[in-house]
Amino acid sequence: MATEPLTEQAGLQGPAAWEQEAEREHVHGLGPWRLGLRRLRRNRVAIGFGVLFVLLVLSCLAAPLWAKHVAHTTPTENHLSDTIKLDGKTTNVVGLDGVPIGPTYQGEFFLGADPNGRDIMVRLLYGGRNSLMIGVVAALMTTILSVVLGVIAGYFRGWPDLTIRSLLDIMWSFPVLILGVALGVALALGGLQLGPITIGGDSLLIPIFIIGLVYVPYMARPVRGQVLALREKEFVEAARAQGAGPLRIMFSEVVPNLASTILVFFTLLIANAVLLESALSFLGAGVRPPNPSWGTMIDEGVDRIATAPHLTIVPGLMLVLTVLSLNVFGDGVRDALDPRAKVRLEH
Amino acid sequence: MGRFIVRRVIQMVLVMFAVSVLTFLIFNVIPNSDPAVRMSGRQASESTIEAIREEWGFNDSLPQQYITTMEKVITGDLKSQFTQLSVGKEIVKGLPRTFSLAIGAALLWMFVAICFGLYSAVKAGKFADRFLTIIALIGISMPVFWIGALANYYLGFKLGWFPNGGYVEFTEDPIDWFYHLILPWTVLAILFIGFYSRVLRSNVLDTINEDYVRTARAKGLGERQIMIRHVLRNSMIPIVTLWGLDFGAVLGGGAILTETVFDLQGVGQYTAEAIGQLDVPPVLAVTMFSAFFIVLLNAVVDILYAYLDPRIRLQ
Amino acid sequence: MADALLSVEDLRVSFATEEGVVEAVDGVSFDLAAGEVLAVVGESGSGKSVTAMTLMGLTRSPNARFEGTAQYKGTELIGASEDELRRVRGAEIAMIFQDPMTSLNPVQRIGKQIVEQIQEHEGLPDQQARERTVELLERVGIPRARERVDNYPHEFSGGMRQRVMIALALSCNPSVLIADEPTTALDVTIQAQILQRMRDLREETGAAVILVTHDLGVVADIADRIAVMYAGRIVEEGTLDQIFYDPQHPYTWGLLGSITRVDKPRPARLPAIAGLPPSLANRPQGCHFRPRCPHEFSECSKVPPLEAHVQGNPEHRDRCWLSVDEKLAKREVLPGEIGLASKEHAPA
């Protein structure tokens, strides 16, 4: 029989096969990362939003600079009876009717004040630090836990797999928000004691811990699936035949091949963690006042939406921009690294 | 099919048991301070704490504690630490409102997501597709309570197009019921529309390249028939599972934020208020029941799935 | 040919890919007479499937460009509107695909899938369409067709599914049947049954068949004429006997040499054509087969035309610069055995 190259056997025919084959020709020698980077660079929207996210992070990191040199206050400092000059007129920061000043677009109270006379811009940046920190650290925690669990389950199969899978399935049965709320309520009074470590109920570590935990099933499952497929691959067989132990194989053969999945998940996880933080804080089961976070700020603002809508709009917009930039960027990374991948977070 | 159902039901009961154990562990055993203190809420007196300890049997063995807790949950003996009202009764009272919200929103998001997803897939790569993709991403990036509060204030209060929150019984005035729910439905659906339309789009794109769609085209069928009979049905199968799960999640939890913002007084708002007061018993009950409900729905969806996809039945 | 049912003239299909234009089909011309079986043979990537798909308007990549003409009973197929194509598809030209496991909708009963086509083109009432479907299934050799008409595809074996596909293709009595690798995905024994069935049905219905395959062995039993494709072009075209017993193009020799034959002692190593088909994006100038051809010479850098070279056989055409006598001398690798010498050991 005539030689029959791979395309037809893979069931691809016609244009799909042609395009794919052409691609293979062309990527010859280019690693998947380089290729991905190249595709990503062509996706201007994704790059733009990626840059936006970096800018948002940088400006939140610069919060103390703004507070000290521009706003001359701190995030928790009240200015109930202060006045500032607006267009030459002296104005109360918080009106006699309790309505705080709106955006002034000048150094102090750039985005207005809240009912305690605290500078919204300063709180926004400090709150952003908290929200982003929670998001990033929680996403990191989810990622590490998911990879460890997923790799163990997928690699060893048998009873470790059964145990892990059952545990994940049970967690999966709880809506994310409910599980977060349940943990939040249970941990709010008394905090958490893990052996010698005690975490206070008001600590930021509590929402990090909660958020880091509840998304684990959503990532561990697909990781496990990938590991199951990877362990049957020839290069893993080869490593095994060379006498490599399971740990070695897991870390030097399996985990590197999960890199693109991990990267995409991590981006999307931060976005979801930031969103969940805001929801938990809004309900009073996340970040505890007077610690600012975008969620607590919206929570404080919603009650006064009729008199001071900027209290709600400003932190919300910031939150949406952050989450959107992560989602668009993550989407672009996914498309660039593996257009056929089905990495996505469910709610 | 019969055996499949029996097996699925047994599995469901086992998962429910595990779910109840996990809930119990979260609220009663989590390693921190005295569970009785936690259960009593903020600033409880010494005697209240002692009474709670007695009532929940925190001095007993863990299995005994679990049985005590489950008895309370199932018999409806659970009382709010804050209002002293029966948790069970409050939940039942709120259910019609929560159901009204969840069902309407679920239908809305499914319908809109099918339209968006299908259109997006048909126009893949074109401007309309990119536009809808960005819209969908914005949709999944907005906190429900934020957009809800803004919608309620601007569309409800300021412009007066919609009632400013609140709920009217369906039996009282169906039109008013509908009118009061339009905004909450829309707001709750936004997130899911964004999410589902993206899932559907990618499913449709996968399905369009299937061989049997090419066969359908080779048969001379019209584009509309191909899309509906061959592409959409096959693309919908994975979504149905998701839909069941999310419907359960909304009913059991997602509604918390929406109900609070629109003052619908359903189970969700009840839960939100309990959370605000760190009132453990209602949160415990809602957590457990919502997980139960999801497990139940999951089983129903699996059975429905087996009906939709004949290949499943044989496995 | 004046009486051609289907006449393809200089068909070109190209795809815009990330690194430039890929000419998948590079000027293909052939005629198909009523009731005739034309086999299009070539490796994957030779453009044979794209050619077949394009005739049906099924090459749907947005990056595809089409040139040339394909006239079916005087109707132009290339660039025809979806509505025009719909009238042709299934009713006039029907298609059988390679993989019967994936070519049927998994969630629709097979009867429904056939009824759907009958009703689309002939608008028969349900009961009649169903009767016709049962008859068709019986005709392609599906036992207990009346019961099985309500089964789902996954309840059939691969061979049975391909029979369903054939029944589907024949359901509106098409004049042309395009079979794209109809037996490739099947077991050898099933292959034979399916081919037998196709041969019988062709006798009964009188439909012309375009059989697209990479397997010359499949062709021997059923084809009247053969077109050999390589890298987007037809390199040789002729009757079954001409191709099998007097092949003119070195690529055809290679194909013939690599058929496993039961009537000859088994070779130590199955002869294969050395090298790989050319990269799609940058094919060699002139004769595309040049880099793999042991008989390459200076002339080969020009594109050879598809012309008749053998005296008295005007329908036997090929694209090779070698003279007929040179070909005769070079194509025997062993006495009485046609094949392609490996490039290194090519006679000078």
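Heavy atoms only: backbone and side chains are in, while hydrogens, waters and symmetry mates are out. Residue numbers begin at 1 in each chain, while the letters A, B, ... track the order of the sequences.
Within residues 281-289 of chain B, the residues that have a heavy atom under 4.5 Å from a heavy atom of chain A are B/V283, B/V286, B/T287, listed by number.
Residue B/I275 holds its CD1 atom at 6.5 Å from CD1 of A/I178, rounded to the nearest 0.5 Å. Remark: B/I147 CD1 to A/T312 OG1 distance equals 11.5 Å, nearest 0.5 Å. Between atom CG of residue B/L137 and atom CZ of residue A/F49 there is a gap of 8.5 Å, rounded to the nearest 0.5 Å. Atom CG of residue A/D299 and atom CZ of residue B/F145 lie 8.0 Å apart, to the nearest 0.5 angstrom. Atom CZ of A/F282 and atom OG1 of B/T260 lie 6.0 Å apart (nearest 0.5 Å). Here the OG1 atom belonging to B/T133 is positioned 12.5 Å from the CG atom belonging to A/N327, to the nearest 0.5 angstrom.
Interface check for chain B: of the options A/D169, A/D331, A/L179, the most heavy-atom pairs under 4.5 Å are formed by A/D331. By number of non-hydrogen pairs under 4.5 angstrom with chain B, the leading residue of A/A285, A/G184, A/S166, A/S278 is A/S278. Note: A/I313 leads A/I313, A/L326, A/V181 in heavy-atom pairs under 4.5 Å with chain B. Contact count versus chain A (heavy atoms, under 4.5 Å) is highest, among B/F292, B/F27, B/W146, B/F293, for B/W146. With chain B as partner, the option from A/L321, A/L319, A/T322, A/L317 having the largest number of non-hydrogen pairs under 4.5 angstrom is A/L317. Of the listed residues (B/V295, B/L297, B/N298, B/L257), the greatest number of heavy-atom pairs within a distance under 4.5 Å of chain A belongs to B/L257.
Contacts of A/V320 with chain B are made by both backbone and side-chain atoms, with heavy-atom separations under 4.5 Å. For A/A279, the parts lying under 4.5 angstrom from a heavy atom of chain B are both the backbone and the side chain. In this structure, no portion of A/V274 lies under 4.5 Å from any heavy atom of chain B. Within the 4.5 angstrom heavy-atom criterion, no atom of B/V250 approaches chain A. Both the backbone and the side chain of A/L183 come within contact range of chain B, judged by heavy atoms closer than 4.5 Å.
A/S173 approaches B/V15 most closely through the heavy-atom pair OG-CG1, 3.8 Å. Nearest heavy atom pair, residue A/P175 against residue B/S290, reads CD-OG, 4.1 Å. The two residues B/L22 and A/I170 make their nearest non-hydrogen contact at CD2-CG2, 3.8 Å.
Between B/V19 and A/F174, some side-chain heavy-atom pair lies under the 4.5 Å cut-off.
For B/Y154, the OH atom is densely surrounded, since the number of other residues' heavy atoms within 6.0 Å is greater than 12.
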Show, in sequence, the C-alpha distance, side-chain angles and deciding distance for A/I305 and B/N152, and conclude whether the side chain to side chain contact (heavy atoms under 4.5 Å, CB included) test is met.
CA-CA 10 Å; A/I305 196 166; B/N152 196 28; over 6 Å; no

